[in-house]
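Per chain, numbering begins at 1; letters A, B, ... match sequence-line order.
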There are 2 protein chains.
Amino acid sequence: MSHTVGIRQAQKQKTRQALMDAALRLLEAQSLSSVGLREVTRAVGVAPTAFYRHFRDMADLGVALVEESLGALHATIGEALAEADDAARIDHSVAVVAALVRTSPAHVRFLAREQHGGVAPVREAIGRQLRQFGDEVAAAFADEPEAAGWSPEDLRMLAGLYVDHMVVTASALLEAGPDGEEEIAGLARRRLRLISLGRRHWLD
Amino acid sequence: MSHTVGIRQAQKQKTRQALMDAALRLLEAQSLSSVGLREVTRAVGVAPTAFYRHFRDMADLGVALVEESLGALHATIGEALAEADDAARIDHSVAVVAALVRTSPAHVRFLAREQHGGVAPVREAIGRQLRQFGDEVAAAFADEPEAAGWSPEDLRMLAGLYVDHMVVTASALLEAGPDGEEEIAGLARRRLRLISLGRRHWLD
DNA sequence: AGTTTGAGAGTACGACTGTTCACTGACTCT
DNA sequence: AGAGTCAGTGAACAGTCGTACTCTCAAACT
């Protein structure tokens, strides 16, 4: 039954991706709620009505963009968190974020912009993903010897602090551009080190 | 020469404020780049062309909203930072932010939404204000005995961490609504305490 | 081979947008 | 008292927008 991918389905996937790519490019200068369906199809070179074959509306496309942007990141973050000592984990985490901003700045800009943007379903999709990141970080922390004596709530508090800080760092890297990357990354590492210091003395 | 306020100018100020208020209300459900000039004037009950007597375009109105939202906050924050011991300062700061969110949630929502929004002048206006808050916090820290041995860069790093955390807290309070206020506030206090702990051991 | 399916094209619709221009008429200054 | 200013009006402009239709024709099925 393993029928070939299907020329038909492959073509459909291709234009669907083209719509998402075009939207992402338009979203560098505007926010989702002001990008029109027609604008996107025009950029792709497709009739406006073709849009409906792939997405219900622009909000639907936005949610798909969220999955594309953050879906693949869980594994990468997991790697960074598996790092043995604290210093290495900080360096690795910041490097992951910096690499993400470097290789796909448009995705990061989209996320920063729509995290509190005007389109509720997209906002919720991003919030869900970030909360999941928080849970993963908390789980990673819980497996460490330093976590002994910590309440689950405090672990979640710490994990949230890490995640929020990473989001702030990502958008700061974006604003600074490639030239300012090392400065922002250095700042982020110092902040994480300070937080890590606070963690070590939490139970005093 | 102290001529009366001027019925004329007073009336103008009044409709200008009405435009800003109407825009703010519309901005609870959309983002600035998708709110139209006509939409705002319609909400006020004024001809579309009257808008131009007060603002060049919606971006201009947005910048005015930023000043209105954050301009008056500097004094209030200064008070909180003048608090003697660390615990009191944390409590006071969080209380200030919580009060801001409680009394003018629409302003806070606007700021959170447009901080990374699609309208450049507004984004820059917010960034400028937040950077100024960072400078003020850093200056307050520098006056304390605990700041001995700290480099100016590290002080600014710490101040930025405080400010960024406050912004995150404000938008979390907004999302949670009045019922979740105490939970979020408690979380924010614990995070600030952890950061404060890191600060104390920074020079080890 | 013949039938069905479905991605995309094309047209048309009413509603809405920002901006222009000439205008009115109440307030302000001399 | 008379002239000037200027906040707000109202009509008209050329666009854009989302969506509802019908239609085509190549791929996928039987």
Side-chain angles (χ1 to χ4, degrees), chain A residues 1-27 29-65 117-122, chain B residues 1-23 25-27 29-65 114 117-122:
Chain A
M1 272 301 113
S2 73
H3 48 340
T4 50
V5 209
I7 298 182
R8 198 106 186 238
Q9 295 231 346
Q11 198 28 265
K12 178 169 182 181
Q13 258 297 323
K14 210 169 141 190
T15 65
R16 182 189 146 99
Q17 190 60 48
L19 286 169
M20 287 172 67
D21 292 349
L24 200 61
R25 218 167 51 76
L26 291 167
L27 282 166
Q30 338 170 24
S31 42
L32 184 61
S33 57
S34 67
V35 174
L37 164 168
R38 287 185 104 108
E39 206 174 345
V40 175
T41 56
R42 197 184 311 131
V44 175
V46 147
T49 46
F51 184 91
Y52 295 107
R53 301 283 178 192
H54 304 277
F55 306 100
R56 186 161 333 161
D57 48 30
M58 282 300 296
D60 197 21
L61 183 146
V63 172
L65 274 178
V119 184
V122 173
Chain B
M1 269 300 113
S2 73
H3 49 339
T4 51
V5 209
I7 297 181
R8 199 104 184 241
Q9 295 229 347
Q11 196 31 261
K12 178 169 183 180
Q13 258 298 323
K14 209 169 144 191
T15 66
R16 182 189 147 98
Q17 191 60 48
L19 286 169
M20 289 173 65
D21 292 349
R25 218 167 51 79
L26 290 167
L27 282 166
Q30 343 172 20
S31 42
L32 185 60
S33 58
S34 68
V35 174
L37 163 169
R38 286 185 108 108
E39 206 174 344
V40 175
T41 56
R42 197 184 312 128
V44 175
V46 146
T49 45
F51 184 91
Y52 295 107
R53 301 284 178 194
H54 303 277
F55 306 100
R56 190 170 330 206
D57 47 31
M58 281 301 294
D60 196 22
L61 184 147
V63 172
L65 274 178
E114 301 303 328
V119 184
V122 173

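Atom P of nucleotide D:dC17 and atom CZ of A:F51 are separated by 13 Å, given to the nearest angstrom. The distance from atom CD of B:E39 to atom P of C:dT19 is 15 Å, rounded to the nearest whole Å. In this structure, the CZ atom of B:R16 is 17 Å from the P atom of D:dC6, given to the nearest Å. In this structure, the CE atom of B:M58 is 11 Å from the P atom of C:dT19, given to the nearest Å. We find that CG of B:D57 is positioned 7 Å from P of C:dT19, with the value rounded to whole Å. At whole-Å resolution of the value, CG in B:D60 and P in C:dG18 are 15 Å apart. The separation between A:R38 atom CZ and C:dT17 atom C1' is 14 Å, rounded to whole Å. Atom CD of A:Q9 is separated from atom C1' of D:dA27 by 11 Å (rounded to the nearest Å).
For the contact set between residues 41-49 of chain B and DNA chain C, defined by any heavy atom under 4.0 Å, the members are B:R42, B:T49.
Sparse packing is recorded around CD of B:Q9, with 12 or fewer heavy atoms of other residues, nucleotides or ligands lying under 6.0 Å away.
Residue side chain A:R53 does not reach the base of C:dG6 through any donor-acceptor N/O pair under 3.5 Å, judged by distance alone. Evaluation of atom-type donor-acceptor distances gives a pair under 3.5 Å for the side chain of B:R8 against the base of D:dC6.
Picking from C:dA7, C:dT20, D:dG8 the nucleotide with the shortest atom distance to the side chain of A:K12 gives C:dA7. Of the candidates C:dG18, D:dG8, C:dT17, D:dG8 carries the atom nearest the B:T15 side chain, counting heavy atoms from C-beta on. For A:H54, counting side-chain heavy atoms from C-beta on, the closest listed nucleotide (D:dT19, C:dG8, C:dT17) is C:dG8. Candidate nucleotides C:dT28, D:dG18, C:dG8 were compared by shortest atom distance to the side chain of A:A50, and C:dG8 ranks first.
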Step by step, work out the side chain to side chain contact (heavy atoms under 4.5 Å, CB included) result for A:R53 and A:R16.
CA-CA 9 Å; A:R53 301 283 178 192; A:R16 182 189 146 99; over 6 Å; no
As a quick check of understanding, evaluate side chain to side chain contact (heavy atoms under 4.5 Å, CB included) for B:L27 and B:L65, giving each step before the final call.
CA-CA 11 Å; B:L27 282 166; B:L65 274 178; 3.9 Å; yes
Using the side chain to side chain contact (heavy atoms under 4.5 Å, CB included) rule, take A:T15 and A:V44 through it: C-alpha gap first, then chi angles, then the decisive distance, then the call.
CA-CA 8 Å; A:T15 65; A:V44 175; 5.6 Å; no
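Going from atom CG of B:D60 over to atom CZ of B:F55 covers 6.5 Å, rounded to the nearest 0.5 Å. To the nearest 0.5 Å, the span separating CG on A:L61 from CG on A:L37 amounts to 9.5 Å. Between the OG atom in A:S31 and the CD atom in B:E114 there is a gap of 6.5 Å [rounded to 0.5 Å].
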